[in-house]
Amino acid sequence: MSEMTEPHPESHRDDREQQSYDVHATEAKWQPVWEELDPFRADDDSPREKRYALTMFPYPSGDLHMGHAEVTALHDVIARYWWQRGYEVLNPIGWDSFGLPAENAAIQRNEHPATYTYANIETQAASFKKYAVSFDWSRRLHTSDPEYYRWTQWLFLKLRERGLAYRKSSPVNWCPNDQTVLANEQVVDGFCERCGAEVTKRELTQWYFKVTDYAQRLLDDMEGLDWPERVLTLQRNWIGRSEGAHVDFDVATDGGGSRSVSVYTTRPDTLFGATFMVVAADAKLAEEIVSDEQRPTYEDYLAETRKASDIDRMATDRPKTGVFLGAYAVNPVNGESVPVWASDYVLADYGTGAIMAVPGQDQRDWDFAEEYDLPVIRTVQPPEGWEGEAYTGAGPAINSANESVSLDGLEIDDAKRAIIDYLEQQGTGRGAVNFRLRDWLLSRQRFWGCPIPVIHCPVDGEVDVPEDQLPVVLPELKGADLKPKGVSPLAAAEDWVNVECPKCGGPAKRDSDTMDTFVDSSWYFLRYCSPHDDTQAFDEDKVRLWMPVEQYVGGVEHAVLHLMYSRFFTKVLFDMGMVDFTEPFTALLNQGVVINQGKKMSKSLGNGVSLGEQLADFGVDAVRLTLVFAGPPEDNIDWADMSPAGSLRFLQRAWRLSGDVASAPGTSPEGGDVALRKVTHHTLHDAAELVESHRFNVMVARTMELVNATRKAIDSGCGPEDPAVREAAEAVAILLSLVAPYTAEEMWERMGHQPTVARAGWPTVDEALLVEDSVTAVVQVQGKLRARLEVSPDISDADLEAAALADESVQRALEGRQVRKVIVRAPKLVNVVVG
RNA sequence: GCGCCCGUAGCCCAAUUGGUAGAGGCACCAGGUUUAGGUCCUGGCCAGUGCGAGUUCGAGUCUCGCCGGGCGUACCA
């Protein structure tokens, strides 16, 4: 060949180099272009249908890591897909920038928490930009900005106005390390969710949000949510609705008097078997009814209980302990006088803090009765030969009758109804619903959070900071001023804490606690709709435009905390008439976790994978592609199993197609190679469904298939001039624009187009090209594959059956056997059943 | 202990309402290209779906039991 002797200066000399592109140069090339074009700015006034795609906003701790890379890569597939499909997409970004780590860092470095916080935010923002996420940067917000937390404070006052924010004294979770109280949700197995210290109890007056008022609605409204079943279950368990009854017992006390004590039970049908009562040792009730004689014993026990940590209390096989209170309760159905005990196995803050103990039907009560030799009456007939202890299963009631009512013979549900009717008639009890959910404790004794906009006045009590004085801005404290001392550092900021009472003008003090950062994140999705509005928390019209969030993406670790609180806030705002929906997040996707070598990445294991290094080695696109292709989005990704090098190879392979396309831009694909066109249109059609059903990994696989088919068409098929090749390569670029924006843009440009491919639009799928000329039908005899037939896709059952039975190898298989039945599923399958 | 989810090639993973077990990738092997390595192109190897039963003409898919792994929960009366 002449080229061998005289190489063509352009096409062959640098052949090797020309077959790949410089990943980092490409990144540097497009970033400023996109910055300029700003293709993902969500326009409120766009006539396009609006969609809200939201990823849980990050906490600014250091730079982005693999976890951020994964969740944004997955989330971005959806957002970018929506843009391509013609929606106006709101995909905002911001930072959940209040919180303890910044405060701890500030103490260490003797600076203000804002320094650390905003430096990290800048780092992360730059990384996100390089990572090419389709965020609308114009809506960026930080919860620690006074412009934001002013409205957090405003919302707090609105909740207070409605009686949903209140103060009470109660034993609360206390983290001795962080020196602050914690919500129940932040205590995991008795340890501080954040720092791992063992949590203790303290009696403190704190602010609460009345989430319990919304318990039933939080439960009911889950019906319509397109959320992972796992998360819904977690929330249901957390809300913990149970049905039962309150039963009133008269308790005789020392002085000869008596008082009524109500207990909550889910098994009122077993009331005849209540042989003693147990009161939570740390409930006020116990202290009130204990006899003088038993008081010293009780007080010793109480002291011991208080000492025990939650961990000790939660040990499963721990023997039951308790003390007799010297009081007796009268069972309202049979007049029996039963002893009242105190124990730590009853919780003060659940139900009424007192229970009727039915050892025959409750294992915990049985254990206690065993320990203290208390009587047992069975009220449900256990099965024959039952030798167990408490019997909690189904069965007819026994030993459950008095002069006016009998439950005997009734199954549990009927017995419950009957006894509740009776108690209600007698006025000694009533049906009741109870929830495990507690009110949300929102006070925190720390500095770097949203100040609670309340002033405590010796004359007027708790006084709201007037709206026109919001925000209550944090004072300039730093370093040692922030050291935890058990009270908020704000309390020591004299200039800040001492104010005039807005009502009487007298000396008063600001509330020196700050809010749980989950308050900040309970409404940020609303703020994104009008992030710069300095006249209101959010513009109701803009919210109507965008909300609710159509797709929320984030980690499952927020299943009960953030998601429950956000749902609560939304319902409150609905009741206030400020929003017209009751659920903020229509659909939720929980991504898996990136692990390494089968284990969670951690410093101690030394198995951490640095996102920065991966990006440096393989580039943004290859890392994103790897994360998206790894498997179903909700599965964990073991980085050790992944091949970013392979991803990069694929991207280069795809990119190479764009250089081979030899037809002019805008060439009509009509008349191009039909086989390739079919692959292209099938791929586009299926890819849409795959993205919508979140099977992104399969979508990528299908894109690879299209790349392979196009390669083949160029090298050994219709050739690079065929317009079908252009159509296919452009489809590849558009598909890749969801996952690998740099490669896609580079391809787009090479094929003669202007940026940006991200907004090029999804090609129209030609239905005619989806129809196959023939399909393979399989013929089975007794379920075994005997023949394959090429048939028309619209062949009739009868024709297919005839063709199948006429087939030689089928005939052979049928030889000497009687055809009993033929199952035909045209056009794919025939199964011949022989006798 | 209780509840939920998952077990498909050496590895990561695909597989409409039950209907040909294999789409894609990694790793490996061979051939071609290349001065060589890598790249690139072509081809190939590899499981009968954790185990056992059941339903069915037909089961990776449905049912039951076991084994293995993961997640949640744990005195909430």
Side-chain angles (χ1 to χ4, degrees), chain A residues 15-17 19-20 189 228-234 237-238 240-242 244 263-268 270 274 278 280 313-318 320 343-347 349-358 361-365 367-368 434-438 556 559-560 592 598 625-626 629-632 634-647 649-650 652-653 656 686 689-690 695 697-708 711-712 715-716 775-788 820-825 828-834:
Chain A
D15 214 24
R16 289 293 162 273
E17 279 75 10
Q19 285 183 7
S20 68
D189 293 336
E229 200 48 51
R230 199 158 66 118
V231 175
L232 296 175
T233 304
L234 279 170
N237 291 343
W238 193 262
R241 184 183 195 273
S242 70
V263 301
Y264 174 72
T265 177
T266 53
R267 292 294 304 275
T270 65
V278 186
R313 282 186 68 153
M314 283 190 305
T316 30
D317 47 0
R318 176 166 166 267
K320 295 276 182 290
S343 173
D344 63 2
Y345 86 90
V346 172
L347 307 175
D349 58 352
Y350 183 76
T352 64
I355 62 157
M356 63 180 217
V358 186
Q361 267 72 233
D362 185 290
Q363 190 56 42
R364 297 156 300 182
D365 297 345
D367 293 342
F368 193 82
N434 204 32
F435 293 94
R436 205 187 83 121
L437 184 73
R438 313 291 153 88
V556 72
V560 283
L625 181 75
T626 303
F629 183 54
E634 52 284 329
D635 283 10
N636 287 349
I637 297 170
D638 193 333
W639 196 254
D641 297 332
M642 294 302 117
S643 172
S647 299
R649 247 188 339 258
F650 162 71
Q652 297 283 11
R653 193 170 143 80
R656 230 170 286 127
D686 295 353
E689 277 179 10
L690 289 164
R695 289 181 291 164
N697 55 324
V698 186
M699 185 271 285
V700 170
R702 298 299 304 276
T703 306
M704 290 172 168
E705 239 176 307
L706 177 58
V707 168
N708 292 344
R711 180 79 264 149
K712 208 165 223 168
D715 290 349
S716 54
V775 294
T776 307
V778 294
V779 186
Q780 302 174 328
V781 177
Q782 284 302 76
K784 274 193 186 142
L785 180 66
R786 294 299 181 191
R788 293 165 199 269
R820 201 149 58 83
K821 201 169 161 191
V822 182
I823 286 127
V824 187
R825 293 285 179 274
K828 305 201 67 168
L829 174 132
V830 177
N831 188 10
V832 185
V833 187
V834 294

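The chains referred to below are lettered A, B, ... by the order of the sequence lines, with proteins before strands, and numbering in each begins at 1.
A straight line from CD of Q363(A) to C1' of C75(B) spans 11 Å, rounded to a whole angstrom. Protein atom CD of E634(A) is 11 Å distant from nucleotide atom C1' of C5(B), rounded to whole Å. Summarising the geometry, the separation between CG on L232(A) and P on G72(B) is reported as 17 Å, rounded to the nearest angstrom. Between the CZ atom of R267(A) and the C1' atom of A77(B) there is a distance of 11 Å, rounded to whole Å. Rounding to whole angstrom units, CD of residue Q361(A) and P of C75(B) are separated by 21 Å. Straight-line distance from the NZ atom of K712(A) to the P atom of G24(B): 10 Å, rounded to whole Å. Protein atom CG of N831(A) is 8 Å distant from nucleotide atom P of G58(B), rounded to whole Å.
N831(A) contributes atom CG, which lies 10.5 Å from atom CG of L785(A) (distance to the nearest 0.5 angstrom). In this structure, CZ in R656(A) is found 7.0 Å from CZ in R711(A), a value given to the nearest 0.5 Å. Interatomic distance, CZ of R436(A) versus CG of D349(A), reported as 10.5 Å (0.5 Å rounding). One distance of note links CD1 of I637(A) with CZ of F629(A); it measures 12.0 Å at 0.5 Å rounding. Atom CD of E689(A) sits about 6.0 Å away from atom CG of D686(A), to the nearest 0.5 Å. Residue M356(A) holds its CE atom at 9.0 Å from CG of D365(A), rounded to the nearest 0.5 Å.
Across all strands shown, R230(A) has heavy atoms under 4.0 Å from sugar-phosphate atoms exclusively, and none from any base. As judged by a 4.0 angstrom heavy-atom cut-off over every strand, L234(A) is placed among residues touching the sugar-phosphate backbone only. Note on N708(A): only backbone sugar-phosphate atoms sit closer than 4.0 angstrom, heavy atoms only; bases stay farther off. Residue contacts for T703(A): at a heavy-atom cut-off of 4.0 Å it reaches no nucleic acid atom on any strand shown. Among the protein residues, T265(A) comes within range of the sugar-phosphate backbone only, with heavy atoms under 4.0 Å from sugar or phosphate atoms but none that close to a base. Residue Q780(A) is in base contact, counting any heavy-atom pair closer than 4.0 Å across all strands shown.
When distances run from any side-chain atom of E705(A) to the nucleotides G24(B), A77(B), C40(B), the shortest one goes to G24(B). Minimum atom distance to the side chain of R653(A) is reached by C41(B), of the listed A23(B), C41(B), C57(B). For Y264(A), the side-chain atoms get nearest to A77(B) when compared with the rest of C75(B), A77(B), C26(B). For K320(A), the listed nucleotide lying nearest its side chain is C75(B); candidates were C57(B), C75(B), C40(B). When distances are taken from the side chain of I823(A) to each of C57(B), C41(B), C26(B), the shortest belongs to C57(B). For R656(A), counting side-chain heavy atoms from C-beta on, the closest listed nucleotide (C40(B), G25(B), C57(B)) is C40(B).
In this structure G1(B) sits in a base pair with U73(B), meeting the Watson-Crick or G-U test at under 3.5 Å. Checking A36(B) for Watson-Crick or G-U wobble geometry (two distances, each under 3.5 Å) identifies no partner in any strand. Nucleotide G31(B) is matched to C41(B) when pairs are restricted to Watson-Crick or G-U wobble geometry with both distances under 3.5 angstrom.
Side-chain N/O atoms of T233(A) include none lying less than 4.0 angstrom from OP1 or OP2 on G3(B). Distances shorter than 4.0 Å separate some side-chain N or O of R649(A) from OP1 or OP2 on A27(B).
Heavy-atom distances under 4.0 Å link RNA chain B to I355(A) of residues 351-358 of chain A, given in residue order.
Base orientation of G70(B): anti (glycosidic angle beyond 90° from 0).
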Determine, for nucleotides 10-16 of chain B in 5'-to-3' order, which nucleotides have protein heavy atoms under 4.0 Å from the base (write B), from only the sugar-phosphate (write S), or from neither (write -).
-> -SSSSS-
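Not a single donor-acceptor pair under 3.5 Å links the side chain of N434(A) to the backbone N or O of S242(A).
Judged by the 6.0 Å and 45° rule, K320(A) forms no cation-pi pair with F368(A).
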